[in-house]
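This report refers to the structure that appears directly beneath it.
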Amino acid sequence: MQVALKVWRYDSSTGDRKLQEYEIDAPEEATLVDCLDIVKDKHDGTLAYRKSCRMMICGSCGMRMDGAAVLACKTRMADIAQSGHVPVISAMGNLPIVRDLVVDMDPFWEKFKAMKPYLQPGYVEPPDGKEYIVSQDEMSVIHKESLCINCGCCVSECNAMESDPEFLGPQALAKGMRFVGDPRDQAEVDRLEAYSSEHGIWECTRCYFCNERCPKGVDPRDAIAKLGAESVKLGIDRDMGAKHAKWFVTSAKTTGWLRETELVPKTQGVVSSIKQMKFAMSLAVKGKVPPPFPPHVAAEVKESRALHDLLQSQGRAGATGIVQTERALAKLHHQHDEHAEYQSDFPQPWLPEDEPEAKQ
């Protein structure tokens, strides 16, 4: 098949940058990295990019296609070529470009190391001299985080890192959750204290681009949410972001909706709220601020409270509540998957509409 590519070429020594187009003949099963190999072997040996395993394991070939991060070895080119579209290939974002599609990964690895990505068990040997056996339920808390291959695709698309390069970033924090959630690790509090720093957990903008672009389903934003939930659970809530999250829960539990007029004093404190009164009054004049009294209570607020109380009674505070949601969503997705007819041997989740009429 005929494949056309536009590749952004860059030389850091001179600062020269240009968009160069290539047209090649590639096999039907070719991936993006295969096409780049053909370009380098037969058309332009000066093209620079990284690759290694070619099996979506090593994470070396992260780059951007049409402005979105991808793994080049995972991206099939057949449909793109048949559509006549000419994709634009460029280096990943939020990392310095060394040459063409190669970025400097040193900042990436420095933040990775800051997570202390190794177990800190806190004991000399396992109990009773036997191996430390961890249950499947305990390990399921960090199942997704364990899939990370350090490719950097999430970092490439992180809005928070673009505005603040010091932000620890989705990959590093996902790796942090991998150890915070490990039942063998005894440094949970120290880790969460470090991760809750000025450039840590609460600086995430919640844009979910990291989840969207992760090629392995790690969902780094979900990992950051788990870290935040664990921090609040353990009382590590000095950061304004943590106070903001706590007020969301309190507001939803009591009235069933977010009481925005109380958000600033509950998050930033009374003194800061007084300083912002002039701005608040200008909003009130324009009808942008609802009256704080009497508080509006949602019609079905009892359901909101019951859900909160149920999770508390089940002991699912912190990351375990999020993991429970992940499991439920995965089961629902499995049931409604377009190929479900081929998966009938697997257990399906119960839904209310499945209840036989005789039992209604």
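Heads up: numbering here begins at 1 and tracks the sequence.
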**Arg191 side chain vs Asp185 backbone, donor-acceptor pair below 3.5 Å** = no
**Request:** Say whether, by atom type as modelled, one donor and one acceptor occur between the side chain of Asn94 and the main chain of Cys158 under 3.5 angstrom.
**Result:** yes
**Atom CE of Met277 with >12 non-hydrogen neighbours under 6.0 angstrom** = no
**Prompt:** Quick one: does Ser251's side chain have a donor or acceptor within less than 3.5 Å of a partner on Arg259's backbone?
**Reply:** yes
**Interatomic spacing from CD1 in Ile89 to CH2 in Trp8 - rounded to 0.5 Å** = 13.0 Å
**Item:** Side-chain donor or acceptor of Tyr22 paired with backbone N/O of Lys40 under 3.5 Å
**Value:** no
**Message:** Could you tell me if the side chain of Tyr208 sits less than 4.5 Å from the side chain of Asp222, heavy atoms only?
**Reply:** yes
**Item:** Spacing of SG belonging to Cys53 relative to CD1 belonging to Ile149, to within rounding of 0.5 Å
**Value:** 7.0 Å
**Prompt:** For Met105 and Asn150, which heavy atoms make the closest approach, and how far apart are they?
**Reply:** CE-O, 4.4 Å
**Prompt:** Is Lys116 close to Phe179 at the side-chain level, that is, under 4.5 Å between some pair of heavy atoms?
**Reply:** no
**Asked** Any side-chain heavy atom of Leu32 sitting closer than 4.5 Å to one from Met63?
**Response** yes
**Request:** State the SG-CD distance between Cys207 and Glu157, to the nearest 0.5 angstrom.
**Result:** 9.0 Å
**Asked** Just how far is it from atom CH2 of Trp202 to atom OG of Ser197, taken to the nearest 0.5 Å?
**Response** 12.5 Å
**Prompt:** Can you check side-chain contact (heavy atoms from CB on, under 4.5 Å) on Val232 and Lys246, steps first, answer last?
**Reply:** CA-CA 8 Å; Val232 172; Lys246 289 179 66 177; 3.8 Å; yes
**Item:** Shared hydrophobic cluster for Val70 and Ile38 (ILVMFWY, side-chain gaps under 4.5 Å)
**Value:** yes
**Closest non-hydrogen atom pair, Pro183 against Gln186** = O-NE2, 3.6 Å
**Request:** State, without any angle test, whether Asp34 and Thr31 hold a side-chain donor-acceptor pair at a distance under 3.5 Å.
**Result:** yes
**Item:** Among Leu168, Ile224, Ile236, side-chain contact (heavy atoms from CB on, under 4.5 Å) partner for Ile201
**Value:** Ile224
**Message:** The test is side-chain contact (heavy atoms from CB on, under 4.5 Å); show your working for Leu36 and Leu5 and say whether it passes.
**Reply:** CA-CA 9 Å; Leu36 292 175; Leu5 300 172; 4.2 Å; yes
**Distance-minimising heavy-atom pair for Arg50 and Val103** = NH1-O, 2.7 Å
**Prompt:** For Ala69, does its backbone N or O pair with a side-chain atom of Arg213 as donor and acceptor, under 3.5 Å?
**Reply:** yes
**Request:** Check the surroundings of atom NZ in Lys266: do more than 12 heavy atoms from other residues, nucleotides or ligands lie under 6.0 Å from it?
**Result:** no
**Asked** Mind checking whether Cys148 and Val218 have side chains closer than 4.5 Å, heavy atoms only?
**Response** yes
**Prompt:** Which value, rounded to the nearest 0.5 Å, describes the distance between Arg9 atom CZ and Ser90 atom OG?
**Reply:** 13.5 Å
**Message:** Between Leu19 and Val86, is there shared hydrophobic-cluster membership here, with clusters defined by ILVMFWY side-chain heavy atoms closer than 4.5 Å?
**Reply:** no
**Message:** Has Glu230 got a side-chain atom pairing as donor or acceptor with Ala319's backbone, closer than 3.5 angstrom?
**Reply:** yes
**Asked** Under a 4.5 Å side-chain heavy-atom rule over Ile, Leu, Val, Met, Phe, Trp and Tyr, are Tyr195 and Leu234 clustered together?
**Response** yes
**Val88 backbone acceptor or donor facing Asp66 side chain under 3.5 Å** = yes
**Prompt:** Between Arg221, Lys226, Arg178, which is the residue that forms a salt bridge (charged side-chain N to carboxylate O under 4.0 Å, His left out) with Glu145?
**Reply:** Lys226
**Message:** Testing the basics here: between Asp100 and Ala48, what is the closest heavy-atom pair and its distance to 0.1 Å?
**Reply:** OD2-N, 3.0 Å
**Request:** Indicate the atoms forming the closest heavy-atom contact of Ala30 with Met1, along with that distance.
**Result:** CB-CE, 4.2 Å
**Message:** Can you give me the closest heavy-atom contact between Gly169 and Met161, atom names plus distance?
**Reply:** CA-SD, 3.7 Å
**Prompt:** Got more than 12 heavy atoms from elsewhere within 6.0 Å of NE2, His199?
**Reply:** yes
**Request:** Using atom types as modelled and distance alone, determine if a side-chain donor or acceptor of Ser140 lies under 3.5 Å from a backbone N or O of Asp137.
**Result:** yes
**Item:** Backbone of Met56 reached by a side-chain donor or acceptor of Lys216 within 3.5 Å
**Value:** yes
**Message:** Does atom CD (Glu198) have a neighbourhood of more than 12 heavy atoms from anything else shown, all under 6.0 Å?
**Reply:** no
**Prompt:** Would one find more than 12 heavy atoms of other residues, nucleotides or ligands at under 6.0 Å from atom NZ of Lys233?
**Reply:** yes
**Asked** Transitively linked via ILVMFWY side-chain contacts under 4.5 Å: Met92 with Leu101?
**Response** no
**Message:** Test side-chain contact (heavy atoms from CB on, under 4.5 Å) on Met177 and Leu173; report intermediate values, then the result.
**Reply:** CA-CA 6 Å; Met177 181 58 207; Leu173 290 171; over 6 Å; no
**Request:** Could you tell me whether the side chains of Arg64 and Ser156 share a donor-acceptor contact shorter than 3.5 Å?
**Result:** yes
**Item:** Inter-residue atom distance Leu227.CG - Ile322.CD1, 0.5 Å rounding
**Value:** 9.0 Å
**Request:** Could you tell me whether Phe209 atom CZ has more than 12 heavy atoms of other residues or ligands within 6.0 Å of it?
**Result:** no
**Request:** Please step through side-chain contact (heavy atoms from CB on, under 4.5 Å) for the pair Asp190 and Gln120, ending with a clear verdict.
**Result:** CA-CA 11 Å; Asp190 291 340; Gln120 300 182 56; over 6 Å; no
**Message:** Test of understanding: clusters of I, L, V, M, F, W, Y form through side-chain heavy atoms closer than 4.5 Å, transitively. Do Val301 and Trp247 belong to the same one?
**Reply:** no
**Message:** Any non-hydrogen side-chain atom of Cys151 less than 4.5 Å from a side-chain atom of Pro215?
**Reply:** yes
**Message:** Could you check whether atom CE of Met139 has more than 12 heavy atoms from other residues, nucleotides or ligands sitting under 6.0 Å from it?
**Reply:** yes
**Request:** Kindly say whether Thr254 contributes a backbone atom to a donor-acceptor pair with the side chain of Arg305 at under 3.5 angstrom?
**Result:** yes
